[in-house]
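Just so we're clear, the structure is a prediction, and the values are computed from it rather than from any experiment.
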Number of protein chains: 2
Amino acid sequence: MDKIALDIANQCLAGQIKIVSRVVIGIYDRELRSSGLKITQASILVHLLAYGSRSGGALGRSLQMDKSTVSRNIDRMERHGWVNKTDEENVEITEAGRELILSARPQWEKAQKIVCNMFGSDGVDAVKLLTDKVKNRNKRK
Amino acid sequence: MDKIALDIANQCLAGQIKIVSRVVIGIYDRELRSSGLKITQASILVHLLAYGSRSGGALGRSLQMDKSTVSRNIDRMERHGWVNKTDEENVEITEAGRELILSARPQWEKAQKIVCNMFGSDGVDAVKLLTDKVKNRNKRK
DNA sequence: GTCTCCGTGTTGTATATGCAACATATAAGC
DNA sequence: GCTTATATGTTGCATATACAACACGGAGAC
């Protein structure tokens, strides 16, 4: 029983975020399982729906993913037939991808509801706050 | 440009948490890189320091990891010589593991400082709030 | 005693993730 | 022109992650 170690365990922001992340992502992935999607791929499809075709680099910047991670996620999704790489270094959603993500909406809603209940309105606000802090981290100074 | 998709992209709690997680974990992992640790393994070592030898199941419950994930993380760490599996289904930290995690403290402090600066005190509070919500999610009713 | 349930751990399979190194291509400097 | 910087994408490597299926051992139920 090391008291200092206990302090570190309780204060480490990365450790806390990992725990929160594992639980929340688990809830979404379990709900989405019947659709064949995981939350990462669902996020990419939603992004392509929202913003249209984009380069892998742009996707990575929006989702804070390394370019290699984007590259391999797109590969997997192309194998499933949900996206295509177009001529001009862009990724576009296919009709199958569009139908899939639209059909998965109820499952997404359910997961969102479960987590909203767990977090409460102050918890949801906290997530938003952290997201904003992360996205604006290089804007000051 | 689909307006509804844009709403979903901006509201999805899992998507937001993934983004926050990627950024924060990236900061810690980069700082810890010189020590040879990643934040997951550092968390396990700190837990073993704080609470002493524990079963994989107990570690998984504390860190919200699947038992198979714990199992394979422990395997990796045993290969590195940082932990041992004892007779009685417990995992114990080795002397090498203890020295490693103690020596990595400055790097952890630096990462913690960077993220604290990024988040501000309200952001740090937000992380704590979410962690508490997650840990107490089954306690009500 | 036997059977069932539960806690524990391992293994197969698949996805997710990032760094380093590499290969291109385009743009800017000079 | 050439060079340098910047953006793009891929691949090797290692770790992190979870579900399903399996195996094992103990604790009760009867």
Starting at CZ of B:Arg33 and ending at P of C:dT17, how long is that distance when rounded to a whole Å? 17 Å

So does A:Arg72 reach the base of C:dG18 with its side chain, donor to acceptor, closer than 3.5 Å? yes

Find the distance between CG (A:Leu32) and CD (A:Gln107) and round it off to the nearest 0.5 Å. 6.5 Å

Side-chain N,O (A:His80) to OP1/OP2 (C:dA14) below 4.0 Å: no

d(CG, A:Asn90; C1', D:dA7) in whole Å: 13 Å

State whether A:Arg61 places a side-chain N or O below 4.0 Å from either non-bridging phosphate oxygen (OP1 or OP2) of D:dT8. yes

Nearest-nucleotide 5' precedence on DNA chain D, B:Asn73 against A:Gly56: A:Gly56

Considering only side-chain heavy atoms of A:Asp66, which listed nucleotide, D:dG9, C:dC19, D:dC19, is closest? C:dC19

Where the side chain of A:Arg22 is defined as all heavy atoms beyond and including C-beta, which of D:dT17, D:dT10, C:dA16 is the nearest nucleotide? D:dT17

Does D:dT10 have its OP1 or OP2 closer than 4.0 Å to a side-chain nitrogen or oxygen of A:Lys85? yes

Rounded to the nearest Å, what distance is computed from the CG atom of residue A:Leu59 to the P atom of nucleotide D:dT8? 11 Å

Go nucleotide by nucleotide along DNA chain C from the 5' end; which of B:Gly26 and A:Ile39 gets its closest nucleotide reached first? A:Ile39

Over 12 non-hydrogen atoms of neighbours within 6.0 angstrom of CG in A:Leu102: yes

Ignoring backbone atoms, test whether A:Thr69 places a side-chain nitrogen or oxygen under 4.0 Å from the OP1 or OP2 oxygen of C:dA16. no

Minimum-distance nucleotide (side-chain atoms of B:Arg30 versus D:dC19, C:dA16, C:dC19): C:dC19

Starting at CD of B:Glu89 and ending at P of C:dG7, how long is that distance when rounded to a whole Å? 12 Å

Students often mix this up, so state it plainly: with edges at 30° and 60°, are the rings of B:His80 and B:Trp82 parallel, tilted or perpendicular? parallel

In whole angstrom, give the distance that lies between atom CG of A:Asp29 and atom P of D:dA16. 19 Å

So does B:Ser68 get a side-chain nitrogen or oxygen closer than 4.0 Å to the phosphate oxygens (OP1/OP2) of C:dT10? no

What integer distance in Å separates B:Ile74:CD1 from D:dA16:P? 11 Å

Does D:dA16 have OP1 or OP2 sitting under 4.0 Å from an N or O in the side chain of B:Arg76? yes

Short side-chain N/O contact to D:dT17 OP1/OP2 from A:Lys18, under 4.0 Å: yes

With a sphere of 6.0 Å drawn around NZ of B:Lys85, does it hold more than 12 non-hydrogen atoms of other residues, nucleotides or ligands? yes

Establish, with yes or no, whether the OP1 or OP2 oxygen of C:dG18 is under 4.0 angstrom from a side-chain nitrogen or oxygen of A:Gln64. no

Any Lys/Arg nitrogen of B:Glu109 or B:Lys113 sitting under 4.0 Å from an Asp/Glu carboxylate oxygen of the other? no

Please give, in whole Å, the distance from C:dC19 P to B:Tyr28 OH? 16 Å

Under 4.0 angstrom, heavy atoms only, what part of the nucleic acid is A:Lys38 near: base, sugar-phosphate, or nothing? sugar-phosphate

Could you check whether B:Arg54 and B:Ser62, counting side-chain N and O atoms only, form a donor-acceptor pair closer than 3.5 Å? yes

If I take atom CE in residue A:Met65 and atom P in nucleotide C:dA16, what distance separates them, rounded to the nearest angstrom? 8 Å

Would you mind telling me which of D:dT11, C:dT15, D:dT17 lies closest to the side-chain atoms of A:Ser71? D:dT11

Of B:Lys67 and B:Thr40, the one whose closest DNA chain D nucleotide lies more 5': B:Thr40

